[in-house]
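Before any comments, here is the structure.
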There are 2 protein chains.
Amino acid sequence: MPKVSDDHRAERRRQIAAAALRCFARKGFEGTSMADIIAESGLSAGAIYLHYANKHELIAHVVGDVLRGRGRDLEGLSELDPLPHPVQVMRTFVTGITSELGGTAMMVQVWGLAAREPELALVIGEFIGDLRSLYASYFRAWFVQAGLTDAAAGARADAIVPVVVGICQGYLLQSAIAPAFDAEQYLAAVELLDFAAAPAS
Amino acid sequence: MPKVSDDHRAERRRQIAAAALRCFARKGFEGTSMADIIAESGLSAGAIYLHYANKHELIAHVVGDVLRGRGRDLEGLSELDPLPHPVQVMRTFVTGITSELGGTAMMVQVWGLAAREPELALVIGEFIGDLRSLYASYFRAWFVQAGLTDAAAGARADAIVPVVVGICQGYLLQSAIAPAFDAEQYLAAVELLDFAAAPAS
DNA sequence: GTCTATATCCAGATAGAC
DNA sequence: GTCTATCTGGATATAGAC
């Protein structure tokens, strides 16, 4: 394949994805029709469907991009000195998503979609897996610093990571739909939890 | 209004709601068409629309019913002796929802819908409010038992309740879409968190 | 590669007989 | 109150000219 063709294709896909993201942020996934994306991108229906087979594929691509970017925020944290507090790490993650998506409603809608679209569930599932690994290596370092042995720190990190992810998800969800949600108060409460408290028995 | 009419109306609404719940559990909210509900209920389109103005109203009614029922599971816990462990309380809640809905996918879809339907957001928001109160009175008792003064226990309970709710939401969400989600491991990790650890400063 | 125009489908909701 | 039949709108996706 000629190089220009590939470049062009990649550029077009980016252009379409960017337009789609703007639409999704504005009106949600189901609220956005292909016609909206076509108008926003300045291209035509035919052009869009040449690059993405259907709406689901486009959604999966856009969502995957955003999540991969947020995952990158958490890379390398365990090498920092001083090691940031767990709440700081979680705050970075949730506020990163919030600001990139202009709120959290879109993220919640992604979950709803993933609950019935296997294609999207795959993308989300993969990301949750990555997120677990990223949090796990951070928490391993945190527990070591708190005085646990390497082995104990690793085990404890692996154990609590799903709950840490859950706490972040709860933040995002409540931020989207809970009445009078107070982000600072939520994070302050997380700080009350002593993740390193009693060592796993 | 004649009494029979009211009874009849209530009965019909129940019948329709029950049929709708079966459909929703089977195929999700968006996957269920009004035609599905009509067929499942054994009634006709006209009959349905006489009792519910539209699909959203029907969804909101069904969802509200389910949630109110699960809230009832948490009532009066703070008077029990011995007081159950927090994890036990949370387990009751999440497993209650899971078994009533035949899984958690439906709950996640509700959130996604609520993120863009104000009518439904209201129902969910109200329930989250109730849930906070229920958990708050339980945790107040728990903290008092742990040795805090009434005032400190109340303050601490109010502070952490949003996170407790978040942890439950994380469970439900991951149960629906996370790869290799292990419910028991999640709850075991919650048990590692010492909610009563350091008193709020 | 891209556009316009449109096929095709299926949803939610309603009208009017009974 | 309930049914049957149908309207209407809007969505995705495609066909075919350029």
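Quick caveat, the model's predicted, so the values are computed rather than measured.
Screening residues 10-19 of chain A for side chain to side chain donor-acceptor pair (under 3.5 Å) gives A:Glu11-A:Arg14, A:Arg12-A:Gln15 as the qualifying pairs, with residues at least two apart or on separate chains. The side chain to side chain donor-acceptor pair (under 3.5 Å) analysis of residues 45-63 of chain A, with sequence neighbours excluded, yields the pairs A:Tyr52-A:His61, A:His56-A:Glu117. The salt bridge (Lys or Arg N to Asp or Glu O under 4.0 Å) pairs that include a residue from residues 90-105 of chain A are A:Arg70-A:Glu100, A:Arg91-A:Glu184, where partners are two or more places apart or lie in different chains.
Note: CG (B:Asn54) to P (C:dT14) measures 9 Å, nearest angstrom. Between B:Tyr52 atom OH and C:dA13 atom P there is a gap of 15 Å when expressed in whole angstrom units. Protein atom CZ of A:Arg9 is 10 Å distant from nucleotide atom P of C:dT2, rounded to whole Å. What separates NZ of A:Lys55 from C1' of D:dA11 is a distance of 8 Å, to the nearest Å. Going from atom CG of A:Leu50 over to atom P of D:dA15 covers 14 Å, rounded to whole Å. Taking atom CD on B:Glu57 and atom P on C:dA13, their separation rounds to 10 Å, with Å as the unit. To the nearest angstrom, P of C:dG1 lies 12 Å from CZ of A:Arg13. Between A:Phe29 atom CZ and D:dT12 atom P there is a gap of 14 Å when expressed in whole angstrom units.
Between A:His8 and C:dT2 there is a side-chain polar atom (N or O) within less than 4.0 angstrom of OP1 or OP2.
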With 3.5 Å as the limit, what N/O pairs link the protein to nucleotides 3-7 of chain C?
unit_1	atom_1	unit_2	atom_2	d
C:dC3	OP2	A:Ser44	N	2.9
C:dC3	OP2	A:Ser44	OG	2.5
C:dC3	O5'	A:Ser44	OG	3.2

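Proximity note for B:Tyr49 (side chain, C-beta onward) versus D:dA13, C:dT14, D:dG1: the nearest is C:dT14.
Nucleic acid contact class of B:His51 (heavy atoms, under 4.0 Å, all strands): sugar-phosphate only.
From A:Ile59, atom CD1 reaches atom CD of A:Glu119 across 9.0 Å, with rounding to the nearest 0.5 Å. Annotation: the span from B:Leu74 atom CG to B:Met90 atom CE amounts to 10.5 Å, rounded to 0.5 Å. In this structure, CD1 on A:Ile16 lies 9.5 Å from CD1 on A:Ile38, to the nearest 0.5 angstrom.
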Show me, pair by pair, the donor-acceptor contacts under 3.5 angstrom made by side chains of residues 163-176 of chain B, not counting sequence neighbours?
unit_1	atom_1	unit_2	atom_2	d
B:Gln169	OE1	A:Gln174	NE2	3.0
B:Gln174	NE2	A:Pro162	O	3.0
B:Gln174	NE2	A:Gln169	OE1	3.0
B:Ser175	OG	B:Thr104	OG1	3.3

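One axis for each end of the helix from C:dG1-D:dC18 to C:dC18-D:dG1, each built from five base pairs, and the angle between them comes to 10° at 10° resolution.
Nearest heavy-atom pair across B:Ser41 and B:Ile48 is OG-CD1, 3.8 Å.
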Give the intermediate values and the outcome of side-chain contact (heavy atoms from CB on, under 4.5 Å) for residues B:Val89 and B:Trp142.
CA-CA 11 Å; B:Val89 175; B:Trp142 176 256; over 6 Å; no
